[in-house]
Amino acid sequence: MKRTLNILSAEEHIDDGDPKVLQLANDADPLAIEVCLADIERIDLNFPKFTDGRAYSQAFLLRRRLGFTGDIRATGDVLIDQLVQMERTGFSSAVLKEGVDASDAQRQFDRFASFYQGDAVKTAPHFATGN
């Protein structure tokens, strides 16, 4: 599976207060920010702990319903086991929590080479794409 998710280490993630970067709390409604999406280049969605999956729903809404084409970045308690699902729900980048080795991430993508169902990025199911 060709990975499109950009994986960053905690040291590579820079939050310099850029006005084109929006930090969206995991309990915020993405529909409430629809009017300002044209001015935003990146939205950081937070996983306060890996068991809290609300950011998956936020990413999916931003990509599919609101048509956001910028960078949707996962931050917080991000583990390698979550990366494939993050990509499928609309994330384009993820910041691994401190101490997690980014070189191990490709194994997750190799393990799950394809999917039968469509997702936030590739909406057509596997059988409809001629694969």
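As a basis for the values below, the full set of heavy atoms in this structure was taken, side chains included, without hydrogen atoms, waters or symmetry mates.
When all heavy atoms of S92 and R63 are compared, the closest pair comes out as OG-NH2, 3.3 Å. Nearest approach of D71 to F68, heavy atoms of both residues: O-CE2, 3.6 Å. When all heavy atoms of D27 and Q58 are compared, the pair lying nearest together is N-NE2, 4.3 Å. Here the shortest heavy-atom pairing between A59 and F91 reads CB-CE1, 3.6 Å. Shown here for G53 and F47, the closest heavy-atom pair between the two residues is CA-CE2, 4.4 Å. Looking at every heavy atom in both residues, V95 comes nearest to R73 through CG2-CD, 3.7 Å.
The backbone N or O of L8 sits nowhere less than 3.5 Å from a side-chain atom of N6 that would complete a donor-acceptor pair. The backbone N or O of L66 sits nowhere less than 3.5 Å from a side-chain atom of E34 that would complete a donor-acceptor pair. Not a single donor-acceptor pair under 3.5 Å links the side chain of Q23 to the backbone N or O of N46. No donor-acceptor pair under 3.5 Å is formed between the side chain of E41 and the backbone N or O of K20.
The only member of L22, N26, L62 that meets side-chain contact (heavy atoms from CB on, under 4.5 Å) when paired with L45 is L62.
In this structure, L61 is not a member of the same hydrophobic cluster as L37, with clusters built from ILVMFWY side-chain heavy atoms closer than 4.5 Å. Residues F50 and M86 do not share a hydrophobic cluster, clusters being chains of Ile/Leu/Val/Met/Phe/Trp/Tyr side chains in contact below 4.5 Å. Grouping the Ile, Leu, Val, Met, Phe, Trp and Tyr side chains by contacts below 4.5 angstrom, directly or via other members, places I7 with I80. Under the 4.5 Å side-chain heavy-atom criterion for ILVMFWY residues, a single connected hydrophobic cluster contains both I40 and I33.
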How far apart are the C-alpha atoms of L96 and L83, what are their side-chain angles, what is the distance that settles it, and do they pass the side-chain contact (heavy atoms from CB on, under 4.5 Å) test?
-> CA-CA 9 Å; L96 294 175; L83 296 176; 4.2 Å; yes

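Using a 4.5 Å heavy-atom cutoff, the side chains of L79 and K97 are in contact.
Listed by chain and number, the residues in a side chain to side chain donor-acceptor pair (under 3.5 Å) with R42 are D44 (sequence neighbours excluded).
Note that the CZ atom of R64 and the OG1 atom of T89 stand 11.5 Å from one another [nearest 0.5 Å].
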